[in-house]
Q: 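Input: one structure, supplied below.
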Amino acid sequence: MTENVVHLHKDTNEPATVTTLTVVPEPAPPAPVPLWVRSGRAVKTAVTHDHTKTTARAAARHSLYVVGGAKIVGRRAWDGRTAARYERYMRTAEAAGNMELAAEWEERGQRYRDARHRRRMDLLTSPIDAAKGIAAGTGMGIGGLVALGIVMAIATKDVSDVVTPLMAAVDFINLLIWIVQVVWGPAITIGPFLALLALWAVGSKQHAAPAWALPANVRNGEGEPITPSIVVKALRDLGVAPLRGAIKEMGDAGASMLGPIRIAGCGVEVDVTLPSGVSTNEIQKRRRKLAENLSRHEHEVFIVIPTAARTVRLWIADSGALDQPIGPSPLVTDQTMTADYTKGRAPWGQDLRGDAAALSVYQRHLLITGLSNQGKTAALRSLVLWLALDRSVEFWMGDLKGAGDWAMCNGLAARLIQGPTDDHVIQVTEMLEDAVEEMNRRLQAPPGTQFPALIVIVDEAQVAFMCPVKGEDKRPYGGSSSTSRYFMAARKIHNQGRAVNVLLWQGTQDPTDQNLPKLVREGAHTRASLALGSESQARMALGDKAVDGGAAPNLLRPGLDKGTLVVASDGIEIPKGQSSITVRTHYISTEEATAIADRAKALRDGVTTLTLIERGEDRDPLADIASVLGDKPRLKTQDVLKRLAALSEDAYGKWSFTDLTRVLDGTGAEAYKSDGRMVVGRDRVARALANRDADGSASASE
């Protein structure tokens, strides 16, 4: 509301100012909420409250347990009184194509019907026989009591004792009638409650209520054990029409498809014989749906194909069991462990059953692949650390990542190249070519010659395959053509190396046809894969046979399943009928790996590790000879030449025994014979260097 107020001049009484006043009325108080509205809100809140829902669900659940229990008891009674179960078993056998078993169940059902017919015919004459028996028994009983009374009367000389036994029997019958009259009323009253309690117990044990009424942990399947009925229901609901129809015909006997459910490590294992018209790959393609039907995550269910026809083998983990780490490696816990290249097995980890998974590396080329940062280097390194405990094994290593993952092998490996550049790829390629030359030398040795193992290891081998550099002869170092130097060296070692214990172990990531050529990956005897991105990559890593048999590294969870490998190899124990095995490898940290490497070094006489050097630099041949000798008291001239070539291909790659003799002649360190072989002595070379330096100093002082 607005008002104009006029102010008059105090002397003239004329209007001086006009003031406009705006009066804002006070808001009206809110209307009271009707009582029925407040009551409705309270009722709605009470109805939708969690406690109310939980109480209602519990009441419905326990009521429906009685109904479900009645159905179960009724079905059991029907099965016990009729031949229904034999009919179901017969239909199950027919659906599975086992006609012999179907005929056996038909025969059992007919025997049951014959026995039931005889029982029913006996019932027709049983009332007459019962009446005769009661009459005969009553007569004999009364006669016996009278005879007993006569004997008592004779003994007591009292005629009234003749009826004493008979009256005692009558009194006993009266007592029984009185007891029945007393008990009958409460029994009639309590009996229905006991029956309902029994039905509730049966229903609650079988969870015979709708899913919405069950407790949360039961609805979610948390902690729920795997039973035949759960497996059958999971298979029935897969969406395979022939399978669903066959199980429907089988009724409750669908569990006859299942073999025994066996405890297998942190889960259970069961074989499922599929009915006719259902193929095994239809089950494999629905792994996720099957896992969810079993109240498991996809990674907790593994499907493999055993040798039996129309059979799939399911391994179902306990909920959350695969997320728990396995124990430390025996290499860490057993300080006295040694290795045997020929007969031993590397303690690699555990299979899904919780059993130790050990790998034989004897005369087996190896390939490990997977996505980046999934534990590839750690898995490969654990095998190397175990084999390093066999002092007869020699290692040549190339790490094309160069992050220091293999630094602990300095002083353990005869050659160690670390770095990601093209120059490192060139050095690694030349290392493989040297291994080819060593392989050829061994192949040309006299028959029966025994050779120690030479393990050539290339980590991040995809860097070598993708290298674009070409040599002076225009041949590329990378690639997969017949002119590729790395590719051809790897192929040659794969073809003939195992016969003379020259083996190639490669680790690579994210396999494709470009960074892991088909001929190279198929040349490995042991193929292992961590998590991959697709089924096509899984086939590249493990081969078609393993993937068709159920191997699925592409279904492993990147990041969560670090160190979990799917392995296809005859060097590891694989359950009969399977083409691969899943291994959870032990993790060995860099500090632990360094400690194990130190133990391996202590077993050896001392190894001088040749590392990557810069090309084109001036060389001191005598000093280089001393460096390649290392801690060895003497070394064969041929080995000295090979080590010099590895030290500098440019300077010593074309050296022969004549060049070595030229350098050593006149120094007092000339080669000499030891055990019939020409050798170079470390002490002699050291004295020659010392004398040369002394002479140089004297000349300088003059």
Q: For Gln537 and Glu535, which I'm curious about, is there any donor-acceptor pair between the side chains at under 3.5 Å?
A: no
Q: Taking the six-membered ring of Phe302, is NZ or CZ of Arg313 closer than 6.0 Å to its centre and within 45° of its axis?
A: no
Q: Of the non-hydrogen atoms in Val679 and Ser674, which two are nearest, and what is the gap between them?
A: CG2-CB, 3.7 Å
Q: Taking the side chain from Gln496 and the backbone from Ile493, do they hold a donor-acceptor pair closer than 3.5 Å?
A: no
Q: Looking at Asn501 and Phe451, would you say the former's side chain and the latter's main chain have a donor-acceptor pair under 3.5 Å?
A: yes
Q: Taking the side chain as C-beta and beyond, is there a heavy-atom pair between Asp510 and Gln462 under 4.5 Å?
A: no
Q: Within a strict 4.5 Å, meaning less than it, do heavy atoms of the Trp505 and Leu387 side chains meet?
A: yes
Q: Decide yes or no for Ser329 and Trp386: does some side-chain heavy atom of the first lie under 4.5 Å from some side-chain heavy atom of the second?
A: no
Q: Could you check whether any side-chain heavy atom of Ile305 comes within less than 4.5 Å of a side-chain heavy atom of Gln284, counting everything from C-beta outward?
A: yes
Q: Could you walk me through whether Arg643 and Asp624 pass salt bridge (charged side-chain N to carboxylate O under 4.0 Å, His left out), step by step?
A: CA-CA 9 Å; Arg643 293 192 174 202; Asp624 286 344; over 6 Å; no
Q: The test is side-chain contact (heavy atoms from CB on, under 4.5 Å); show your working for Leu389 and Leu331 and say whether it passes.
A: CA-CA 10 Å; Leu389 297 175; Leu331 288 171; 3.8 Å; yes
Q: Give the ring-plane orientation class for Phe487 versus Phe465, where under 30° counts as parallel, over 60° as perpendicular and anything between as tilted.
A: perpendicular
Q: Is Arg491 reaching over with its side chain to a backbone N or O of Ala489, donor-acceptor style, under 3.5 angstrom?
A: no
Q: Please report the closest heavy-atom contact between Ser529 and Pro553, naming both atoms and the distance.
A: OG-CB, 3.5 Å
Q: Indicate yes or no for a side-chain donor-acceptor contact from Ser382 to the backbone of Ala379 under 3.5 Å, with no hydrogens or angles considered.
A: yes
Q: Between Arg527 (side chain) and Ala541 (backbone), is there a donor-acceptor pair under 3.5 Å?
A: yes
Q: Determine whether Ile426 and Asp423 satisfy the following criterion, side-chain contact (heavy atoms from CB on, under 4.5 Å), listing intermediate values before the conclusion.
A: CA-CA 5 Å; Ile426 293 171; Asp423 201 33; 4.3 Å; yes
Q: Does the side chain of Asp399 reach to within under 4.5 Å of the side chain of His424, using non-hydrogen atoms?
A: no
Q: Could you tell me whether the side chain of Tyr672 reaches within less than 4.5 Å of the side chain of Arg634, counting heavy atoms only?
A: yes
Q: Could you tell me whether the side chains of Asp355 and Gln350 share a donor-acceptor contact shorter than 3.5 Å?
A: no
Q: Ignoring hydrogens, what is the shortest heavy-atom contact between Leu660 and Ile625? Give both atom names and the distance.
A: CD1-CD1, 3.5 Å
Q: Does Glu437 pair with Lys642 as a salt bridge, N-O distance under 4.0 Å?
A: no
Q: So do Tyr652 and Val640 actually touch side chain to side chain, heavy atoms under 4.5 Å?
A: no
Q: Donor-acceptor pair, His365 side chain versus Gly497 backbone, under 3.5 Å?
A: no
Q: Only one of Arg381, Glu591, Glu592, Lys601 forms a side-chain contact (heavy atoms from CB on, under 4.5 Å) with Met408, so which one is it?
A: Arg381
Q: How close do Ile588 and Ala593 get, counting heavy atoms only, and between which atoms?
A: CG2-N, 3.6 Å
Q: For Glu433 and Arg485, which heavy atoms make the closest approach, and how far apart are they?
A: OE1-NH2, 2.7 Å
Q: Quick one: do Asp434 and Arg415 make a salt bridge, cutoff under 4.0 Å?
A: yes
Q: Return yes if some donor-acceptor pair links the side-chain N/O of Thr585 with the main-chain N/O of Trp348 below 3.5 Å, else return no.
A: no
Q: Would Leu556 and Leu530 satisfy side-chain contact (heavy atoms from CB on, under 4.5 Å), going step by step from the backbone distance to the final call?
A: CA-CA 8 Å; Leu556 294 173; Leu530 295 118; 5.5 Å; no
Q: Any non-hydrogen side-chain atom of Leu503 less than 4.5 Å from a side-chain atom of Tyr341?
A: yes
Q: Could you go step by step and tell me if Phe395 and Ile457 meet the side-chain contact (heavy atoms from CB on, under 4.5 Å) rule?
A: CA-CA 7 Å; Phe395 296 98; Ile457 300 153; 3.7 Å; yes
Q: Before accepting this row, confirm whether a basic side-chain N of the pair Asp459/Lys376 lies closer than 4.0 Å to the acidic partner's carboxylate O.
A: yes
Q: Distance-only, no hydrogens or angles: does the Trp396 side chain make a donor-acceptor pair with backbone N or O of Met431 under 3.5 Å?
A: no
Q: Between Ser569 and Thr526, what is the shortest heavy-atom contact and its length?
A: OG-OG1, 2.7 Å
